[in-house]
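Order of the sequence lines fixes the chain letters, A, B, ..., with proteins taken first and strands second; residue numbering starts at 1 for each chain. Everything numeric here is computed off the predicted structure, so don't read it as measured data.
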Protein chains: 2
Amino acid sequence: MGKQRPGAAPTLEEVAALAGVGRGTVSRVINNVAGVKDSTRRAVQRAIAELGYVPNLAARSLAGRRADAVALVMTEPDWRKFGEPFFSETIRSVGDALTDTKMQLLLTQVRTDAERRRFVEYARGGRVDGVLLMSLHAEDPLPDMLADAGLPTVMLGRRSGDESISYVDADNTGGARSAVDHLLSSGRSAVATITGPLDMYVAQCRLRGYREALDRAGVEVKPSWVVEGDFTEQSGRAAMAEIIARDPEVDAVFAASDGMAAGALNALRAAGRQVPRDVAVVGFDDFLLAQHTDPRLTTVRQPIEEIGRTMVRLLLEEMEESPVAWRHVVLRTELVLRDSG
Amino acid sequence: MGKQRPGAAPTLEEVAALAGVGRGTVSRVINNVAGVKDSTRRAVQRAIAELGYVPNLAARSLAGRRADAVALVMTEPDWRKFGEPFFSETIRSVGDALTDTKMQLLLTQVRTDAERRRFVEYARGGRVDGVLLMSLHAEDPLPDMLADAGLPTVMLGRRSGDESISYVDADNTGGARSAVDHLLSSGRSAVATITGPLDMYVAQCRLRGYREALDRAGVEVKPSWVVEGDFTEQSGRAAMAEIIARDPEVDAVFAASDGMAAGALNALRAAGRQVPRDVAVVGFDDFLLAQHTDPRLTTVRQPIEEIGRTMVRLLLEEMEESPVAWRHVVLRTELVLRDSG
DNA sequence: GTGAAAGCGCTAACAC
DNA sequence: GTGTTAGCGCTTTCAC
């Protein structure tokens, strides 16, 4: 007879007593370990149902030295960013990639120093087995803090050219290059660009791709062709207006984000320029651009679904090893031409 | 001398040995319990720093019977919703309300049955001390599952008129009524409404407020004045077009969401109607509406910041008691007139 | 003010 | 196949 403790949640031991078996057997049943007689298993399951038993995860975690949970950290203070498809789809695909595991996905916001400290304690304290990081700024100390603690960690994108910690990134340089190649091959030559904030590596890469394509084609980049935005629609509009003012001869634009591409289109229309007849626009990603119905728009698409899936795969691999080895994956982008006639 | 176990994380016991004190004392120091001599406390802190000690949260949880974490569950399958200010601001304010506690906020997505099952195991397993629920559909079994497990739970909004589980809601009926009162008192009389999905209690309340205001004013609601949308901008546009087609005499519209209000404005402009001279529009919330520069727009504003703060307060209160008692809070809304001249 | 000791509920290794 | 046992690392009495 197990001692009844009214009010308290039933324990594995009480289940064992009720089923007339040892604790080890109950543990095997709840963990689906093979090698338990079928009749025994059923008896245990009946006892579990009768008592409404639920395993105490703290005890499991302590004894098993794992949390069966991973964190996905959002360091972005502006939540509206997570309404953008690039982020929301990544989160969705990470969740999907974890459905076949017993890992619980925990999204955590880390906006302030206090939140960072608390999260690092949480993670180092063993409440998660690994950490995924999104939307990182170059100077964020969080990745290194986690890495120093020996925690499996995977970042979405990298902070610089020689990133050590594991990351999954898109081929931003190659994607930008293919976009500009496309513009050049369709007869344009005065190709301007609206870059992202140049303290972000992703923006540097897309600018580099732009320059490489023009270099190879023997086109000299005029300083007036390069204007920096901040990835938003508004900054794209302002940048496009700036470009028109500086050099009215520009006949094509590569925008380093879809938001800025949408802004550029709006600014061109406001200026009475035909898009894309007078000026061709290529944007990175096509979320906002999708709302523009012009069939001749072109975009560089990132393999979002694959990004989330790959991040999870790398993290699970890292969790198998000690010490953790870092992995770097760069995924190809795809140039999408809507023009079909 | 504590046994050194290279590779493993240092334990409280090793800290105690290094500091030359008992385990109890170290525990008191890391938990900031009063009644430790200052010199002892410093010695322990030195040992902690030297060893890089971090408490094992599973062990703390097991011994202390608490997780020091709360979950905020998003049952919305469409993540873009969380880009909307109503949700993103709520999440932000919940995070803010928790900064002064040692609680870690965990956001979890529950879209599928598998995810629901896993989360309930997680919560019942004691990994969180309480649960906040957002964006619930009426038939979602999750709240009852958590309540049956005796877990402190607070919902954002309620599922029906006689909700038992704790919730924090805005006064949707009163807000809608004040919006329509405003329209009537400014000389309108043919007031139509674009409702939300009527299987959601929030939409029912806003429709009721609309009807009540017209009833009190002795205006009979024509069936053609009530069109159902789904809270999106697109549905608002379609609904407005429908209303114009059915009854061109309509001179005012109450939209049950800001998105639908924005859609209504766009549809009116497309139809060549003067807004708000010909047709006055009042929307619930003013996020999308904020982009409309018309100074004569009016909105019903929900006290978002207070919603998040209140949810946290109720949850912390519930966590103090056993069994849990449910709490219901309805917060006043505010009619915001931009019209200042 | 501090140390010693008794659990918290589980997993995993080992015996039979 | 199944029972037994030794921890996992902490909090919390209870002595002193």
### Query
Closest to the A:Arg65 side chain: C:dG9, C:dG1, D:dC8?
D:dC8
### Message
From CD of B:Glu13 over to C1' of C:dA5, roughly how many Å is that when rounded to an integer?
### Response
12 Å
### Task
Would you mind reading off the distance between A:Glu121 atom CD and D:dG9 atom P, rounded to a whole angstrom?
18 Å
### Query
Would you say A:Thr25 reaches D:dG3's phosphate, i.e. side-chain N/O to OP1/OP2 under 4.0 Å?
yes
### Message
Please report the interatomic distance CE(B:Met155) to CE(B:Met311), rounded to the nearest 0.5 Å.
### Response
9.0 Å
### For B:Ser61, side-chain contact (heavy atoms from CB on, under 4.5 Å) partners two or more places apart
A:Ala58, A:Arg127, B:Ala67
### Task
Return the value, rounded to whole Å, for the distance between atom CG of A:Leu57 and atom P of D:dG9.
18 Å
### Query
Under 3.5 Å, is there a donor-acceptor pair between the side chain of A:Arg118 and the main chain of B:Met103?
yes
### Query
Roughly how many Å is it from CD in A:Glu14 to C1' in C:dC8, rounded to a whole number?
13 Å
### Task
Calculate, to the nearest 0.5 Å, the distance between atoms CG and OG1 belonging to A:Leu146 and A:Thr153 respectively.
4.5 Å
### Query
Start at the 5' end of DNA chain C and walk down; is the nucleotide closest to A:Val54 or to B:Asp38 reached first?
B:Asp38
### Query
Which part of the nucleic acid does A:Gly126 contact within heavy-atom distance under 4.0 Å: base, sugar-phosphate only, or nothing?
nothing
Polar-atom pairs under 3.5 Å, protein N or O versus N or O of nucleotides 11-15 of chain C: list them with distances, or write none.
{"unit_1": "C:dT11", "atom_1": "OP1", "unit_2": "A:Asn31", "atom_2": "ND2", "d": "3.1"}
{"unit_1": "C:dT11", "atom_1": "OP1", "unit_2": "A:Arg60", "atom_2": "NE", "d": "2.9"}
{"unit_1": "C:dT11", "atom_1": "OP1", "unit_2": "A:Arg60", "atom_2": "NH2", "d": "3.4"}
{"unit_1": "C:dT11", "atom_1": "OP2", "unit_2": "A:Ser27", "atom_2": "OG", "d": "2.8"}
{"unit_1": "C:dT11", "atom_1": "O4", "unit_2": "A:Arg23", "atom_2": "NH2", "d": "3.3"}

### Query
Is A:Arg66 salt-bridged to A:Asp129, going by a charged N under 4.0 Å from an acidic O?
no
### Task
State the CG-OG1 distance between A:Leu132 and A:Thr108, to the nearest 0.5 angstrom.
10.0 Å
### Message
Side-chain N or O of B:Thr11 versus OP1/OP2 of D:dC8: is the shortest distance under 4.0 Å?
### Response
no
### Nucleotide D:dG9, atom C1' - distance to CG of B:Asn56 in whole Å
6 Å
